Structures are given as C-alpha cells and as structure tokens.
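Here is the structure we will look at, set down as structure tokens.
Predicted model, so just to flag it, every value in this text is computed and none were measured. Order of the sequence lines fixes the chain letters, A, B, ..., with proteins taken first and strands second; residue numbering starts at 1 for each chain.
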Amino acid sequence: MPIIRLGLEDFLPVGDTSGTEEDTDSAILYGTLRGSVVGLRYYTGIVNNNEMVALQREPNNPYDKNAVKVNNVNGDQVGHIKKELAAALAGIMDNKLALVEGVVPYGAKNAFTMPVQMSFWGREENKEAVLDQLKRHGFKLAPPLKGPECGFGSKWISGRAGPSYSAPVHAAVQLTTEQLKSEFDKLFEDLKEDDKTCEMEAAEAVGTLLLPHQKQALAWMVSRENSNDLPPFWEERSDFYYNILTNFAEKQRPKNVLGGILADDMGLGKTLTAIALILTNYQDGKPLPVEKITSEKFYEESGTNSMNSVGRGLSTSCVIQEDTGFASALLPSSTCLKRQKKRKGTASVQSVKKKHSDDGPRATLIVCPLSVLSNWIDQFEQHIHQDFHVNIYVYYGSDRSKDPSILSEQDVVLTTYNILATDYGARGDSPLHKVTWLRIVLDEGHTIRNPNAQQTKAALNLEGDRRWVLTGTPIQNSVKDLWSLISFLKLKPFTDREWWHRTIQRPVTMGAPGGLGRLQSLIRSITLRRTKTSKVKGKPVLELPERKVLIQYVTLTEEERQIYQSVKEEGKAAISRFFSEGTVLAHYADILGVLLRLRQLCCHPHLCINTSSSSFSADNITPEELRETLVTKMKLVLSSGSDEECAVCLESLTFPVITRCAHVFCKPCISEVIRSEQPNAKCPLCRNELRAEHLVECPLEGEVDSSNGKKSDQEWISSAKINALMHALIELRRDNPTAKCLVVSQFTTFLSLIENPLKESGFVFTRLDGSMAQKKRVEAIQCFQSSQAGSPTVMLLSLKAGGVGLNLTAASRVFLMDPAWNPAAEDQCFDRCHRLGQKHNVVITKFIVKDSVEENMLKIQKKKRELAAGAFATKKPSASEVKQTKINEIKALIDL
DNA sequence: ACCGCCGGGTGCC
DNA sequence: ACCGCCGGGTGCC
C-alpha cells in the first residue's frame, strides 16, 4: 500500500504544534472588517467584483511607514489600504498576529477607491491582541459572514444584498473523520478512467516493450505535453480568461503546465515511462531525433525487444559522458568509454541531431536523489535501443561543466537535488539555471516538499515549460506537501502560496464544502496514479508472482540459551530499576543496548562482545570520557536498527547529534529548539538542561556496527540460527540447484559469520552491504543477477543496503535472519526481489527465536502494521506520544 | 468678518 | 470625485 498518510491536522485545526514556525493550519477566523482601497488611479492592477486581493505591508513607503499595498491575484498593485486602517493593520501584520485577507465585494470598476472586505485569521491565543489593536484605532471586527464558501473567496454576499443572510459564527461545516477519510481516498481513485486509458507506442529508440499501463502513461504524458487546455479552474469567457476560484480574469491566456505528476506506485516503471517520453515526444509529437546506427552490429550482445527485462546487462547504446569521473565509478569499467570509441570509429550515422540553437530547447533535465542516480543510468542503458545513440550528461562531481551550452546540447542531463541546490546557492553561477530546458523531470519529487529548502527553491527556478514530477508518494503527511509540487508546475495562481492556501489548503483543512472536491479535480487534471492493484482492461497492472512469508521458529542451543537468559535477567533488572527511578528515557540508549545484545544473541553469541557495559552509571568522568561515552551511545542508537526518529521533526535522523542527556536528534532540529528556548533550553524528551556547546556530533562514516573488528581472532563456531539457515539452503539447493536467494541481516558481522559455512558447503555467494563502495555494489548486483552457470546463488544482504531502485529479482527466496523494528524496512527489502521482472513465486522465511525478544518484536511489528493500515485519518503522533509508545514497546520487549 | 458662505482647485500611501 | 477637504475671496437686502 502506498504511504499516503493524511494527518488529522489536514482536517481539523489542531491546537498545539510546537510553536516556532507560523503554522497556518491552526488558524481560526477572528472576524471580518470592511475597509477601503484608495489610490486606484495610480496603479495598473485591476480586479473584478468578488475577486480576492492580497494585502501586503510596505514598510518602506516614504509617505507612510504603515502603508499596506493591495495587489490582485496576478500580483499587480491595485491600490493602498486607506491610511487610518493601514495604521491599525501594520502592527498586526508585522507581528504576524493575524493573516489579513481581502476580497473586493463590489465597486471593482471604481475610479478612485473601492471597498475591501477583510478577514482576519490567526491562532486562538492572538485573538485578543488583534481585537485590542484594532479597537485602539477605532475598528471593530464583525462576526464572520455566513455563506457557503465564506472566507474561501468565491461568493461574497454583497453589501447591497442585505446582511440578512449573515448570522452564524462557524464558517464551515466539518465532516466526520470517516467522511473525510473516504473523501480523501477518492482523491487518487479513478484517475485512470476516461482520457487516461489511451495507449501509445514508444518511439523506435526505446528498446524495451512497454507494458499496457506504461503505454497509457506515455500517451497521457505526451498528450499533456502537447495539450492546449486551460489549466484547472480557468474558463474562457468571451474575450478573457476567468479563474473561478479567485474570480481573477485576464486577457492573456493562462499557460497550463505541459506536464504534471506521475504518481504511480513504486515498481510500476515510472523511470522507464519517463525515458520513453523523452525519446518519443520531442516537438509536435515527433520523436527525439537521435543518431541511428544503421551498419553492422557492433557488439557481441544482441538485445531485442525484451519485456521490461532484467539481465540485459551491458547491452546498451547510450553514451554517458564521463568527465565527471562519477559515471565511471558507477559503471562497470568497460561499459561506456570503449563503446564510445568503437562507435565513433565505425558507425555510419543516419541522422545526426541538429545543434543549431534556433531549434529551441532540446535537453531534458532529470533531477533525482543521489541514491537513485545510478539507477537512472542503468535504466537508460537497459532501455535505449542499441541501434540508437542518446547523449546523456551526468552533471555531478567537482569537475562538472560550468558551461551552459554544453548542457543544452545534450539529450539528457542527469543531476541530483544536492548539486542543484549547491549550484543555485552559489549565486549567478549555476549553469543548470542558465539553460532553457525542453523538459524538467524531478524524480522522487516529494523530496521538494519543504518549500523553504534550498533544493525546492532551486527546482522552482529552473527554466522550461514541460515540467514533471515523479513520485510514489505525492502526499506524505498532509495537503501542505502538495504545494511545492504544484508551485514547481507553475500552475496559476497557485505558485503564490497565498492563493493556494486560500483556495485549496484551508478549505480542505477546515472541511469547507467543496474543498476536497477542488483538491480532487486539481489532482485529477494533472496527476496519473496507478497502484500495484490498479487494473488495466480488467487485468491487474502488474501480475506479480505470489509472495509468501513463512516464519520459522528456531530453538537456541543449551549454551546459547544460558547466555541469553543471563544477559536478559541482568538487563531486565537494570531496566526495572530505570522504571522505578523514572529514568527510562534518560537511559534510552542503554536500554536499546540491552535489547540489541539480546537480538544479537538470538543470532550468534559472537555478535555480542562487550556485554558488560560500563555506561550504566556515569558519575565522575572527564569531558573526554563523557564525549566518548556519548559517541558510543549514539552509535549504538544508530546501529541498533531501530530506525530512530528525531523527536522534534518525527522523521528519520538527518545529521544526528547526541545531547548530554544521551538523546539523539537531528542537529538542525535541536539547534532550533535551543535557539528558540534560549537561554534555558530543555531536552524535549527528558527536560534536562540543553546547551549547544554540549551537543556531540557523530564522527562520520556511514554504517556503524557496534560489534565490529574482533572476528578474526575468535574461532568460528556455528549457532542455532546458522544451522537452521544452512539446513534450509542445502535443502533448497538439492531441490532446485539454480534457485537464488537473499540472506538478509541487520548485522553485517553476522553476514560475515555466515560466509564461513557457505564456503564450507560449496555455495557460490556474493555480498552487498552499506560499507561497500559504489563500484563494488554494482559489481555484486550484476554478478548476482546474472543467469550464467556458476553465478552466485546466494547474496548476503544487509537489511538497509541500497536505495529504492535496488533490483534483485534473480532471487526467489529470502531468508530474513533477524526481525527489524520497523516492518516497513522488511517489506522494502522483500520488494527488492518481489517486483517487476520477478518470474517466480517468492518465498520469504523469517527466522525467529522462540521465547525471545524476537518473538516480542513480531508482536510489535503486528501492531505497527495495524497502525499503519489505519493511519489514514489518524493524527501524527506528538513527541510525548512517541515517547509513551516507546516506553510501552520497551516493556513489551523485555517482558515487563 | 476673530465669522459664514461661495465656488475653484484638488485628490493614495 | 455627481464626493470631502482645503484655503482664498468675499460680505445686507
């Protein structure tokens, strides 16, 4: 199931939200006030009756420091707020006590002044201050007018119609949570219907036959790019264009985005579809003119149309320029350069692309997270027909070209969000921003959901009419997330946050009638989304082979059980003490340590070395010792596989730091807490003193394994789990010698221990873990995916290795050696082989030690799954709820 | 007339 | 602005 969590805050004004940032979601309507706009004749901006206007402070106005400008939806100034009123508004606006929004109810054609109906929105606690401030200037708010869409702009009851309509206080009728849930479910439903079911064949240069749903996506994308439709919510009226949300009108036809959001579930082939689009729709629906090599075949491999095949391996025909040095690190050494030379020497070229700049833009820019950059390169390699030649430039690395004309000559330029943001930050020196692109594709587009992030701003400022967002999770936490995407698509008038907020976001969050409907029709007009269970012509989009998860219980040996029990009793005693002392959270890292050791003991006694942790009492120690202890604790937290979240942002840790009270947060998050609560900041988790200079950063180097090092000096012994695994592997080999399997663990040391018996029993195996260099990874993957005789049948895989794109479809069996805290991490791992291209039924075996922490983890996993399934309309948990959940989990895990 | 009244000039902030 | 406001011109009926 796609992760579309919709927080309660999407629908209800939720009070407490940690304060620091202006959160417009908890705003209530204080009331309304009629004022006047003056000075109309000095400005060009015009409005219609009932049109929304923006009020903007102008503190540097030489005549009045209180000045408030009035702009129309287009951003053109209409006039000023009359000075007496402006004097009252200035303080309110400057101190962000309220959001003041205006609508011109009538008199839009007046020559000198016109009325403006203002609504004041803000947090409950600021209401008094606002009313007071207005009162001091002799103004008084009227209660909110009641109308079907009061405060949301559309239909104002004009003054003349008489105020007999206006009375009740509540602006909008709120739907029940259930209603909202079902409403929102519909948001992405049926997007495939009507015009989105046409299919289109890809251009010849696409060497892979598209699946039906991919042909549909291609047809839809091509039609979007070539469409002449008006953007959503615009109508043509006699000789002007009219926006039905804001009532703004203009002569000039508003541009629709020649793109949209491809929001297919992971695994449906968004990348391939985008590649097909690039090659199929250049101009006027004609394919991209690329070199076609018509003479003899150049390569040994002969790739024909293969249905989304894996294992086409190296047969490729794209030329990837390597002056970045990055591509060569990603790709097997021989892949590109040799071919490029070969082709240059012998190929006869039928049609050479024109390089004249007067042809208009040619290049497509693709921006993606670094983790999927190599996947894009692979996919281009796989899917471009070998007789065609496509120029791809990987804009990455310190020697990336600063010359925009190099970029604009390409067919495709690939880069990452970080590079995009870095270049953009170095002002005036971003070649990416100097090129007018034919097309811009943002992959994993949800990474730009934070509108304040540099990468978002950098993406918004790219030039190019065809703009696409690829994402499997268009809405991650709330409707808010959509704004950056919509803004990137340059959909008028939503590029300005005020109009988005007033016309879509607030109506939806406040449950205004029609709010969801608007959002839905907006989404429908620019989004294509299919899930794994969607159907095309009555058949599932993807017919994946079956997937079975078996749990195989393992009984520890006598010796293992003895060690386990003694560590457990010791840990349980310590944790009980923490509970009785009320210091559970202060010892959180220690508790994780106990649990980690128990989990390791379930796998193999050697995983767990320093059983006697000295860190239980940390009284009189030097700063250096303290620092070291903290670093150790942080590493423990990070390596415990518990997928710790930052209690401030509630997301996974970025740039983790540990506090003196041993709690781990994102550095930016905790720094902000310290800054905003100074001088007496307290730890959000335990309320201990918090100081910026006490924060300890994690010494770099990705994968931290707490049990690293000491493996060679210990004699190898087996364990109950290893025995169970080997038994299963040998049985599997006997029944099906060519079957491939993944052996997955969170503990890379455990994987190393497993290498021993694999060798002894004559298995050919390979390995993939987070510590391996990019090049080694690619080798390991290609080696494993190969179907050649003698290729590895086992891959030792660390649970979190590899990005989303990791494709291990050669495997049809998975042995999960130890359960993960987060069931989603397990699922993601299983999806690496249970995905497009898998030909066999997939059987997953989870080894679980009977009567152990592992069994308890299964129970917690079950709960989490249930929670995730029902999470749709549930509120995002607060920090204290997260805390309580954790405490409960700890109790359950250690049988307290 | 230290007023009223008239009518022209004028006009955002 | 077909207003308000300003300030100069003017002054019984």
Side-chain angles (χ1 to χ4, degrees), chain A residues 22 24 27 29-122 126 129-142 145 151 153 156-163 240 243 246-252 493 495-499 501-502:
Chain A
E22 21 139 353
T24 44
L29 180 56
Y30 298 155
T32 62
L33 183 64
R34 179 66 62 85
S36 48
V37 187
V38 296
L40 303 182
R41 62 167 164 155
Y42 300 99
Y43 307 99
T44 53
I46 53 164
V47 292
N48 289 302
N49 286 342
N50 294 316
E51 182 171 333
M52 294 181 169
V53 288
L55 273 52
Q56 184 190 14
R57 276 283 285 124
E58 192 185 19
N60 294 325
N61 186 301
Y63 303 95
D64 182 0
K65 60 177 171 38
N66 293 325
V68 177
K69 289 207 286 182
V70 178
N71 300 335
N72 70 9
V73 176
N74 219 16
D76 300 323
Q77 183 167 3
V78 177
H80 277 106
I81 291 290
K82 207 170 157 56
K83 62 175 179 298
E84 295 78 9
L85 181 54
L89 295 185
I92 293 171
M93 294 173 80
D94 292 344
N95 297 316
K96 300 205 158 58
L97 294 177
L99 218 57
V100 190
E101 298 179 346
V103 172
V104 173
Y106 56 87
K109 299 290 171 278
N110 292 359
F112 304 100
T113 70
M114 59 174 67
V116 58
Q117 185 74 21
M118 290 172 293
S119 306
F120 290 70
W121 298 84
N126 292 333
V130 171
L131 294 181
D132 199 61
Q133 169 90 347
L134 288 169
K135 197 174 176 182
R136 265 182 297 179
H137 289 84
F139 296 102
K140 189 169 179 293
L141 291 189
L145 293 179
W156 273 100
I157 298 147
S158 84
R160 296 185 199 115
F240 57 92
N243 183 283
T246 60
N247 297 316
F248 175 76
E250 62 181 343
K251 276 260 183 317
Q252 206 187 338
T495 42
D496 184 324
R497 193 127 61 124
E498 176 169 353
W499 309 122
H501 195 246
R502 287 175 69 172

- Message: Are more than 12 heavy atoms, taken from residues, nucleotides or ligands other than A/Lys135, located less than 6.0 Å from that residue's NZ atom?
- Response: no
- For A/Val53 against A/Trp499, the heavy-atom pair lying closest together: C-CH2, 3.6 Å
Identify every side-chain donor-acceptor pair in residues 36-45 of chain A under 3.5 Å, counting partners at least two apart or on other chains, and give the distances.
| from | atom 1 | to | atom 2 | distance (Å) |
| --- | --- | --- | --- | --- |
| A/Tyr43 | OH | A/His80 | ND1 | 3.4 |

- Query: Checking only heavy atoms, does the side chain of A/Asp64 share a donor-acceptor pair with the base of B/dC13 at less than 3.5 Å?
  - Reply: no
- When you compare B/dC2 with C/dC13, how far apart are their C1' atoms, in angstrom units rounded to a whole number? 25 Å
Would you tabulate the pairs of protein nitrogen or oxygen atoms and nucleotide nitrogen or oxygen atoms of nucleotides 2-4 of chain C closer than 3.5 angstrom?
none

- Item | B/dC2 - base-pair partner by Watson-Crick or wobble geometry, distances under 3.5 Å | none
Polar pairs (N or O, both sides) under 3.5 Å between protein and nucleotides 8-10 of chain B?
none

- Message: Quick check, does A/Tyr42 stack with B/dC12? I mean ring centres under 5.5 Å and planes off by under 30°.
- Response: yes
- Item | Whether A/Asn95 side chain and A/Gly91 backbone form a donor-acceptor pair below 3.5 Å | yes
- Among A/Ile81, A/Val103, A/Val70, the one residue meeting side-chain contact (heavy atoms from CB on, under 4.5 Å) with A/Val116: A/Ile81
- Polar side-chain atom of A/Glu58 near backbone of A/Asn60 as donor-acceptor pair, under 3.5 Å: no
- Return the nucleotide paired to C/dC12: Watson-Crick means purine N1 to pyrimidine N3 with N6-O4 or O6-N4, wobble means G-U with N1-O2 and O6-N3, both under 3.5 Å. none
- Using a 4.0 Å heavy-atom cut-off across all strands, classify A/Ile81 as base, sugar-phosphate, or nothing. sugar-phosphate
- Rounded to whole angstrom, note down the C1' distance from C/dA1 over to C/dC6. 15 Å
- Item | A/Met114 CE - C/dA1 P separation (whole Å) | 13 Å
- So with a 6.0 Å cut-off around CZ of A/Phe240, is the heavy-atom count from everything else above 12? yes
- Stacking check A/Phe112 vs B/dG11 (5.5 Å / 30 deg): no
- Note on the structure: In this structure, CZ of A/Phe139 is separated from CG of A/Leu131 (nearest 0.5 Å) by 14.0 Å
- For A/Glu84, what residues pass the side chain to side chain donor-acceptor pair (under 3.5 Å) criterion, not counting sequence neighbours? none
- Which residues within residues 82-91 of chain A lie with some heavy atom under 4.0 Å of an atom in DNA chain B? A/Lys82, A/Lys83
- Would you please name every residue forming a side chain to side chain donor-acceptor pair (under 3.5 Å) with A/Asn71, sequence neighbours left out? A/Gln56
- Message: Between C1' on B/dC13 and CG on A/Asn60, what's the gap in Å once rounded to a whole number?
- Response: 13 Å
- Message: If the test is side-chain contact (heavy atoms from CB on, under 4.5 Å), which one of A/Leu89, A/Leu85, A/Asn61 qualifies with A/Val68?
- Response: A/Leu89
